[in-house]
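Step one of this worksheet: look at the structure below.
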Amino acid sequence: SIRYPQETLKLKSITSKADPGFNLGIIVDFKIHNYVRLRFLPGVSFASRTLFYTFDVVSNNPITSFTATRKTESAFILLPLNVKLQSKRIRNFGVYVISGGTYSIDLASGKKDQANADVVRLKQSDYYFDAGGGVDFYFPYFKFAIELYMSTGLKNILIKDNTEVTTPINKLNSHVFLVSITFEG
């Protein structure tokens, strides 16, 4: 628990830290036009979120501070649907931009200890807006791509359960920055 014995706590700030994750998926690609494709990329992602609560301890002594860390680990099923606008291929090279949306299901959200006040509980589903771009490299038997994109959560995923770790938070949205490496046959 965050309680500090025999003294008064005053919440100073709540910050979050970017944590690395891992994603594994497949690509279903439908050609709409020579330079426009509709892509469905179902996958599984393993990630975590870390929140830092900084408190001032107010007592008869000078004010001191301490930070409490709360980490939430999750596994997600991701169901992104994107439109890919690609450039004309120049030799073995091409660039593209993507935009679309993702629906995600947090597989770990239902398994969290409901009575544990130190856990930030999150809703099971979320919706994202996706945007990014990448580079395709064409080889004789496969295509290799490097892609950078960002997903921004559109839904407040915080479950307000009136515990000391969720009460100071108004809303919690996901922001995902992804570096993707793909191989297509």
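Numbers here simply count residues along the sequence, with the first being 1.
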Can you check whether [X] reaches [Y] side chain to side chain, under 4.5 Å on heavy atoms?
X: L107; Y: I77; value: yes
X: N82; Y: L41; value: yes
X: K84; Y: D136; value: yes
X: T15; Y: L51; value: no
X: K88; Y: Y35; value: yes

Honestly curious: do [X] and [Y] fall in one hydrophobic cluster under the side-chain, below-4.5 Å linking rule?
X: V179; Y: F177; value: no
X: L38; Y: V36; value: yes
X: Y103; Y: F40; value: yes
X: I181; Y: V95; value: yes
X: V97; Y: V135; value: no

For [X] and [Y], which heavy atoms make the closest approach, and how far apart are they?
X: L158; Y: L172; answer: CB-CB, 3.9 Å
X: D126; Y: G153; answer: OD2-CA, 4.0 Å
X: Y128; Y: S104; answer: CE1-OG, 3.3 Å
X: F76; Y: A47; answer: CE1-CB, 4.0 Å
X: Y96; Y: I146; answer: OH-O, 4.1 Å
X: Y149; Y: A131; answer: CB-O, 3.1 Å

> Is the backbone N or O of H175 less than 3.5 Å from a side-chain atom of T152, with the two atoms forming a donor-acceptor pair by type?
Replying inline: no
Measure the spacing between [atom1] of [X] and [atom2] of [Y] and express it to the nearest 0.5 Å.
X: K31; Y: R39; atom1: NZ; atom2: CZ; answer: 15.0 Å
X: N92; Y: F137; atom1: CG; atom2: CZ; answer: 10.5 Å
X: L78; Y: D130; atom1: CG; atom2: CG; answer: 9.0 Å

> How about F30: does its CZ atom have over 12 heavy atoms from other parts shown lying under 6.0 Å from it?
Replying inline: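 At most 12 heavy atoms, drawn from other residues, nucleotides or ligands, come within 6.0 Å of this atom.
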>> Is it true that, when you exclude I90 itself, more than 12 heavy atoms of the residues, nucleotides or ligands shown sit nearer than 6.0 Å to its CD1?
In response: no
> Sequence neighbours excluded, which residues qualify as side chain to side chain donor-acceptor pair (under 3.5 Å) partners of K155?
Replying inline: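 K155: side chain to side chain donor-acceptor pair (under 3.5 Å) contacts with S125.
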> Under the side chain to side chain donor-acceptor pair (under 3.5 Å) test, which residues partner D29, sequence neighbours left out?
Replying inline: R37
>> S99 vs F129, test: side chain to side chain contact (heavy atoms under 4.5 Å, CB included). Steps then yes/no.
In response: CA-CA 8 Å; S99 182; F129 170 74; 3.7 Å; yes
> Residues two or more places apart in sequence or in another chain: which of them pass salt bridge (charged side-chain N to carboxylate O under 4.0 Å, His left out) with K17?
Replying inline: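 Expected list: D19.
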> Does NZ or CZ of R89 fall inside the cone over Y138's six-membered ring, less than 6.0 Å from its centre and within 45° of the axis?
Replying inline: yes
> If we ignore angles and hydrogens, is there a donor and acceptor under 3.5 Å between the side chains of D106 and S74?
Replying inline: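 Present: a donor and an acceptor within the cut-off.
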>> Working note: V176 + M150, criterion side chain to side chain contact (heavy atoms under 4.5 Å, CB included); need CA distance, chi angles, decisive distance, verdict.
In response: CA-CA 6 Å; V176 179; M150 182 185 84; over 6 Å; no
>> In terms of relative ring orientation, are F183 and F144 parallel, tilted or perpendicular, with 30° and 60° separating the classes?
In response: tilted
> side chain to side chain contact (heavy atoms under 4.5 Å, CB included) between I98 and V83: does it pass, once the steps are laid out?
Replying inline: CA-CA 6 Å; I98 58 169; V83 175; over 6 Å; no
>> If you apply the rule side chain to side chain contact (heavy atoms under 4.5 Å, CB included), what do you find for N173 with I157, and how did you get there?
In response: CA-CA 6 Å; N173 294 83; I157 58 172; over 6 Å; no
